[in-house]
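Note sheet for the following structure.
Given the structure is predicted, the values throughout are model-derived calculations rather than measurements. Chain identifiers are assigned alphabetically (A, B, ...) following the order of the sequence lines, protein sequences preceding nucleic acid strands; residue numbering begins at 1 within each chain.
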Amino acid sequence: MGSPRASSLRRPIERVLLIDDEEDIRTIATLSLRRVGGWTVVTAASGPEGIAEARRSRPDLILVDVMMPGCDGPTTLGRLRDAPETASIPVIFITAKAQRRELDEFLQMGAEGVIVKPFDPLQLPDQIRRILGHEARRAG
Amino acid sequence: MIARLPENEDARLLALHATGLLDTPPEPAFDDLARLAAAICATPIALISLVDGHRQWFKSRVGIDAVETPRDVAFCAHAILETGTLVVPDALEDPRFVDNALVTSAPRVRFYAGAPLVVGGHVLGTICVLDSVARQLTPTQLASLDALARQVAAQIDLRRQAAHLAQTNARLEDLLANSNDLVQSVATDGRLLFVNHAWRETLGYTAAEAEGLALRDVIAEESLDHFARLFMRLVSGAPMGRIEAVFLHKDGQRVILEGSAICHFEGGIPVSTRFIFRDVTELRHDRERVQRYADLVEKMEIGVWVWRKDDEADPLSYRLVGANRSIARLLDLDLDFKLGLLAAEVAPFVIEFDAPRLWDEVRRTGTTRVRERFPYGDRLFTVNIFPLPDRCIGVAVEDATHRIEVDRMKSEFISTVSHELRTPLTSIRGALGLLESGLLTPEEGADTVRIAGRNTDRLVRLINDILDLEKIESGKLELRCSLVSLKDVCEEAIAGVRSAAEDAGVTVTLAVPPSVGSLVADGDRLVQVLTNLLANAIKFSPRGGHVAAWAEKIPAGGVRISVRDEGPGIPPGERHKLFGKFQQLDGSDTRKKGGSGLGLAISKAIIEQHDGTIDVECSPESGCTFWFDLPVPRAPTLVPSRGGPCVLLVEDDVSFREITARQLATIGADCLEAGTCAEAIAIARSVTVDLTVLDASLPDGDGLDVVAALRQVGMRSAPLLVYTAHDLDSDERDALALGATLHLTKSRSTEAELLEAVRTLLGSGSPAAAWPLPR
């Protein structure tokens, strides 16, 4: 699920920040992004932690879980956009909320795209590349 | 000289023709009068002449053969211009007649005297006498001629009236026979003397079949009384009576007729009663139908009003022509609003919302318009606007607030459930994919397998909880109640969380004083609730913390079980959310701890099904205390838990009760235990037991009270075993008895005798006879 903004973002991905409050999902997604995508991965377990990490490590992409206690995904996105140093980092939502109406809402919030849980760890990096308008690497 | 015409000639001719006398045969009544005139006046000729348009025609004539003459030559044409009698002593001397053909040639009239025939104000002709010699009449003769003229006029008037009467009668008969109303005439003995066409048509009889019918042949049983009462009223002088009655069509169908009756008397004696009816069967059915619809509209929750536009040129000229109660209630209007008021007067907001424009459009297009989620006040309405005939529109207003809220909650629930299911699935799916890829190191692989396992458990728990909750919410959760020991419940729950507590480094203590004892409840479900509370307490307690569980009697009667943790506490504003579905106060915490977010919702439902309450108290210093109260005695849907016969054991001595219960258990009986009369009665009211074993002396009453209560709850013939401290006399035995009853004396009965008595009684009662008891 891509957005018009994606075409302008051609910068190759090296470092990904993953913000998710579910430890198991962080573990699985990290393995996928690292082993399948070949990217460097940093993680955060909450919105505020993720924002701080984004400022520090300036990732090429931020994956944000939508449903997190306290500071949820959309709030985190808003704060990232508000700060100049993180405003231009592409953000993709990952969510277990999968109703059409909800997905449309998430896209309207300004995310590059939405990845629906459960995702295939072997396809996740390609899914991200497609959203960002990068040519997907052929598997195998 | 030709006579001029009378001033009212047209009306006079109409009156003449209306008599119907012209060109009719001679009649003795007139001829006699003409002859009298000739005789009295001593003239050779006498005539009764009617002056028509162009002739005079003789109704009666004496002395001449002609039946008529032209009006031009008629003396009578002159006579009818006079107010009195016209006398012409000598026609040759009278310029009006000197050249008259009747004078100059045969019959050469010289004398004429004609008295006018005045009928209904018109002079229709004369009775006249003529002679061929000049002469005079004596005053007596003149007066006689006048008198004869009056007699002739009276005869004419009589005939005119008779003709009129006959005509009227014919019309009436025609009306009666062919009327759309049903006409019947009934003799005093109930025979039908006359029925008209409509009557026969409506009730299905031919004219021949209607002959010989009696009223009772055509009236439904329930209306006979109506007729009897009506006859009584009429016979005793009431001028007219109204009646609505059920008649029977020849084929048996019921026909409702409504009408009036009058009674005919002859010489003061009633001879017949005539009825005129209308068939109101359809009307009554219509009225009932309309009434049903009206009731429906009045009673339905949907508000309805109907507006009619007075003036197409005035866009705001909609007036209220109909409304039900609900519209007033829904829109919070004065209940007594008057029909006929303008929209602006009844409900100004109608104008504010620009409704009349929409109403115009609905009327113009003839299609219904629906507005969903129409906000008014703090509610949301569904509004249907539909066209009606006669410049009207109908507006149906339904309060959709609740439905919309339910829809929203349903959607939210689905969204949440979807989220909750997808989250563990993500870990499982991810773990499997990564394992399959072969990209992981052995350590990573082992971790990943653990993740998959953990999340599978979480998924299973979640699904079980969702199914449980569904069962509870749809009212399908059936408690399997029996007498359960609270100590056992608490110990079982603690055993279940023991390893989780050890993992979390939390100690759990339990205190259940013996006074708490047992109560009737679903033991497994209580264990589930307590396990859930303990698991939560362990999860939220810090490592090294302490979770305390205890049970206690509460003053109101019943038992409270509490679980206190040393967790961070819950803000007061958030506490009400705790027992909702997926209402974690902190989603991350719950998920980290492996909860489904449904446990407290399920616990609340279980406790409430036990008529109990569940709640939480928190303080920042001492953590949270979750507790639930269970009232005793209670047993709403008690079912025997093991499938054996159900025995109500009423005994206040706890140790004796326990021994007896154990003995009963050895023969497969399920025991419901009561220590007081009140408990026994409460159990008996909610459970049908197969046998009651009753100690006759109890702390709050004696066995007689229990027996009386058992009789009241329909156990008059149930088996009963009474054991008493002393021997009973026969009166006491009679009082302490239900159906098959055995009496034992405590001090002289062995255990074996008690069991034998129980076996005997369980084998005697009808429902319990089916129990196969081990010996």
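Proximity to chain A (any heavy atom under 4.5 Å) is shown, for Ile414(B), by both the backbone and the side chain. Both the backbone and the side chain of Ile25(A) come within contact range of chain B, judged by heavy atoms closer than 4.5 Å. Residue Leu432(B) does not touch chain A at all, counting heavy-atom pairs closer than 4.5 Å. For chain B, the nearby part of Val116(A) is the side chain; its heavy atoms alone come within less than 4.5 Å. Residue Asp447(B): no heavy atom, backbone or side chain, is found under 4.5 Å from chain A.
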Let me see the working for Arg458(B) and Glu22(A) under salt bridge (charged side-chain N to carboxylate O under 4.0 Å, His left out), right down to the final yes or no. CA-CA 13 Å; Arg458(B) 178 173 159 184; Glu22(A) 288 277 343; 3.0 Å; yes
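Applying the 6.0 Å contact sphere to CD of Glu14(A) captures no more than 12 heavy atoms from other residues, nucleotides or ligands. At most 12 non-hydrogen atoms from other residues, nucleotides or ligands lie less than 6.0 angstrom from CZ of Arg564(B). No more than 12 heavy atoms of other residues, nucleotides or ligands lie within 6.0 Å of CD in Glu436(B), so this atom counts as exposed by the packing criterion. Under a cut-off of 6.0 angstrom, the local environment of CZ in Arg373(B) is sparse, with at most 12 non-hydrogen atoms contributed by other residues, nucleotides or ligands.
Between chain A and the residues Pro424(B), Gly433(B), Ser437(B), the most heavy-atom pairs under 4.5 angstrom are made by Gly433(B). Contact tally against chain B (heavy-atom pairs below 4.5 Å) for Asp120(A), Val66(A), Leu124(A): the top residue is Asp120(A). Ranked by non-hydrogen atom pairs under 4.5 Å with chain A, the options Ala452(B), Ser427(B), Ala431(B) are led by Ser427(B).
A distance of 9.5 Å separates CG in Leu439(B) from CG in Leu31(A), rounded to the nearest 0.5 Å. Taken from CG in Asp21(A) to OG1 in Thr423(B), the straight-line distance is 8.0 Å, to the nearest 0.5 Å.
Of all non-hydrogen atoms in Arg422(B) and Lys117(A), the two that sit nearest each other are NH1-O, 2.8 Å. Between Ala96(A) and Ser418(B) the shortest heavy-atom distance is O-OG, 3.4 Å. Scanning all heavy atoms of the two residues, the minimum distance from Gly430(B) to Ile28(A) falls at CA-CG2, 3.4 Å.
Salt bridge absent: Glu444(B) and Arg34(A) never bring a charged side-chain N and a carboxylate O closer than 4.0 Å.
Side-chain atoms of Asp24(A) and Arg450(B), non-hydrogen and from C-beta on, never get closer than 4.5 Å to each other.
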